[in-house]
Visitor: 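Encoded as structure tokens, here's the structure I'll be asking about.
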Amino acid sequence: METRVRAALVGLATILSVAAVSLQRASPPPARAAAVPSGTTAKVVAAAGAFLGTLNDAERSKATFSFTSTQRTGWSNLPSGIFQRNGLRMGDLTPQQRGAAMALVAAALSREGYEKVTNIMNGDEVLKNAGGGRTGGRPGPPPAGAGGRGGRGGGGLTFGQDEYYIALLGAPSMTSPWMIQFGGHHLAINVTGVGPTSVLTPSLPAAQPASYTLNGQTIRPLGDENDKGFALINALNADQQKQAILSYQVRDLVLGPGADGKTIQPEGILASALDASQQTLLLDIVHEWVGILNDEAAARKMDEVKANLPRTYFAWSGATKNGGLAYYRIQGPTLVIEYAPQQGDIDHIHTIYRDPTNDYGARLVTP
Amino acid sequence: MSRHNLLLRVPMFVVFLAVASPAAAHRVDEYLQATRIAVGMDRIDVEVDLTPGMTMASDVARRVDTNGDGRVSGAEAERYGREILESLSLTLDGRRVPIVFVAVHVPELADMTLGTGTIKLRAAAGISAPGSGHHQLDYANMHRSESSVFLVNALVPADARIQITNQRRDTAQHRLTLEYTVTAHVGWTVFLIMGLATVGVLGTSRLPRPSTPS
């Protein structure tokens with residue numbers, strides 16, 4: 001009996017010690033345990049295999065990188081001509097290859113996410129036909145010695161649907177980590193898959209023009225992100241707005257491309273200070289980014305966001321009437337979303353979606 | 001260069017080279033200056049990313065490429081970096097703290113003319129470890145303020161003893177005031193809890209043994 005009591009006390013001491021050490025710093029949530037690969041994973045892996053199957057050796061070599069390659073962080077929102085992407089350019093693919101590439105992107109994303117991607121690409125085609133935007137530079141011939149399309153340096157900005165690139169990092173697998181990178185002007189989609197789950201961070205959906213007409217329909221690639229943001233800020237009472245609205249202008253993304261691994265001090269109103277309907281509006285905004293990813297993975301991520309909601313901030317800067325110039329940021333322990341009109345132009349929007357604990361699937365692939 | 005300055009310079013330069021990355025946006029007529037400040041116990045790191053817009057890039061390029069040979073030498077880059085530093089100020093608890101040049105990366109001049117080239121300036125200020133309690137850090141960036149767009153943010157402190165409690169900026173983000181607290185070493189909490197637990201265990205082990213019937 002005495003031995004049992006002593007053992008119990010030693011155990012208690014150990015637990016207290018471990019708990020004390022853990023108090024020193026909040027640790028990121030543990031990685032989800034790998035389980036049986038899901039139907040979505042199998043579908044994405046099959047789509048990747050189908051895409052790779054359309055390529056010859058040279059093309060496959062150009063499209064694939066090791067999982068730990070520096071290509072992982074080599075993404076941008078910039079157009080071809082001033083940023084050199086690696087991988088395969090859509091405009092260089094055959095219709096069959098291009099179809100397989102887009103089928104892979106579709107498999108990894110949700111229906112709404114894929115639609116958002118194509119709306120952004122179509123918008124860039126509109127931008128090309130319009131001769132470039134006010135705050136987006138002007139297209140021109142490729143610079144001499146630039147080394148072909150997408151060359152770096154000079155004044156040859158190139159827009160349009162052909163200027164999107166696809167790359168795979170690591171071998172498509174049901175168990176091992178790998179990554180799909182798809183992007184071009186105003187778009188960077190980074191999907192890291194590990195077994196049954198996948199993550200979308202960091203990704204950058206943007207739009208210019210923010211609204212255009214295609215086949216008689218008005219398309220606003222980031223229209224919901226805009227409208228839902230304004231809906232939330234206007235759903236707050238005066239005291240809540242006072243907490244949420246920053247006293248200064250924010251004219252660009254704070255954690256855009258190249259800002260990997262940075263966590264800024266959060267600001268704004270805590271979601272715990274919002275009522276249930278306001279929290280629902282906030283989660284609905286978050287889903288605009290989280291829900292780009294396939295439904296299974298997005299649902300898991302939304303569960304995580306909901307669990308962290310009491311520690312999530314909403315910050316706003318700018319006009320509160322829809323149609324005005326406004327920036328907002330949503331920041332929680334595993335989430336950063338920024339929505340930022342560029343250079344005073346509401347027709348030119350950049351956004352970023354990050355997870356400071358899990359960009360590029362860091363939490364999933366760390367041993 | 002003082003020994004202290006050298007100590008600041010060497011480790012930062014290595015890190016800086018590893019994180020050099022493309023610009024975030026192609027700017028037209030604004031000079032974007034984005035600052036991130038990391039508050040530590042014995043140093044404050046200041047990262048400033050400067051992206052001149054297309055319409056002002058040639059002017060910035062002239063200031064950087066002082067001999068006009070179309071290339072930016074290390075000396076020219078450092079000279080420009082130090083020129084920017086003269087426009088920055090840092091004050092801790094009311095006392096001016098010198099900001100020391102650590103490193104600078106200047107992109108190709110051709111990239112600057114497209115509004116995509118970002119000058120990455122890294123600087124730091126050595127401070128004596130502030131005592132427990134409340135502290136105030138004031139930062140200002142007045143470099144080419146007439147034509148610039150500013151962002152300034154504090155990074156979440158890497159040291160858990162430092163907690164930022166308030167942030168204030170002017171409308172244009174030229175200035176940032178950070179209020180933060182420094183608490184006693186968290187390790188003491190750990191030792192205290194471990195000590196109490198150990199005492200509890202030892203105390204229990206000395207409890208009188210129940211008598212065994214013979």
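The chains referred to below are lettered A, B, ... by the order of the sequence lines, with proteins before strands, and numbering in each begins at 1.
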Visitor: Any side-chain heavy atom of A:Val250 within less than 4.5 Å of one from B:Leu151?
Guide: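 The answer is yes, as the side chains (C-beta and beyond) meet within the 4.5 Å cut-off.
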
Visitor: Rounded to the nearest 0.5 Å, how far apart are CG of B:Leu176 and OH of A:Tyr248?
Guide: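 So the CG of B:Leu176 and the OH of A:Tyr248 are separated by 8.5 Å.
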
Visitor: Taking atom CZ of A:Arg251 and atom CG of B:Leu32, what is their separation to the nearest 0.5 Å?
Guide: 9.5 Å

Visitor: Looking at B:Arg175, I'd like to know if its CZ atom is crowded, meaning that more than 12 non-hydrogen atoms belonging to other residues, nucleotides or ligands lie closer than 6.0 Å.
Guide: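 No, not enclosed.
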
Visitor: So B:Val149 and A:Asp252, do their side chains get closer than 4.5 Å, heavy atoms only?
Guide: no

Visitor: Looking at B:Gln173, is its backbone amide N or carbonyl O close enough to the side chain of A:Gln249 to form a donor-acceptor pair, meaning the two atoms are under 3.5 Å apart?
Guide: no

Visitor: Give, for atom OG1 of B:Thr116 and atom CD1 of A:Ile82, the distance between the pair rounded to the nearest 0.5 Å.
Guide: 5.0 Å

Visitor: Flag the pair A:Glu267 / B:Asn153 as yes when at least one side-chain heavy-atom distance between them is below 4.5 Å, and no otherwise.
Guide: yes

Visitor: Distance from B:Gln163 atom CD to A:Gln265 atom CD, nearest 0.5 Å?
Guide: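 So the gap between those two atoms works out to 7.5 Å.
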
Visitor: State, yes or no, whether a side-chain contact exists between A:Ser247 and B:Arg168 at a heavy-atom distance under 4.5 Å.
Guide: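 Side chain of A:Ser247 against side chain of B:Arg168, heavy atoms only: no contact under 4.5 Å found.
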
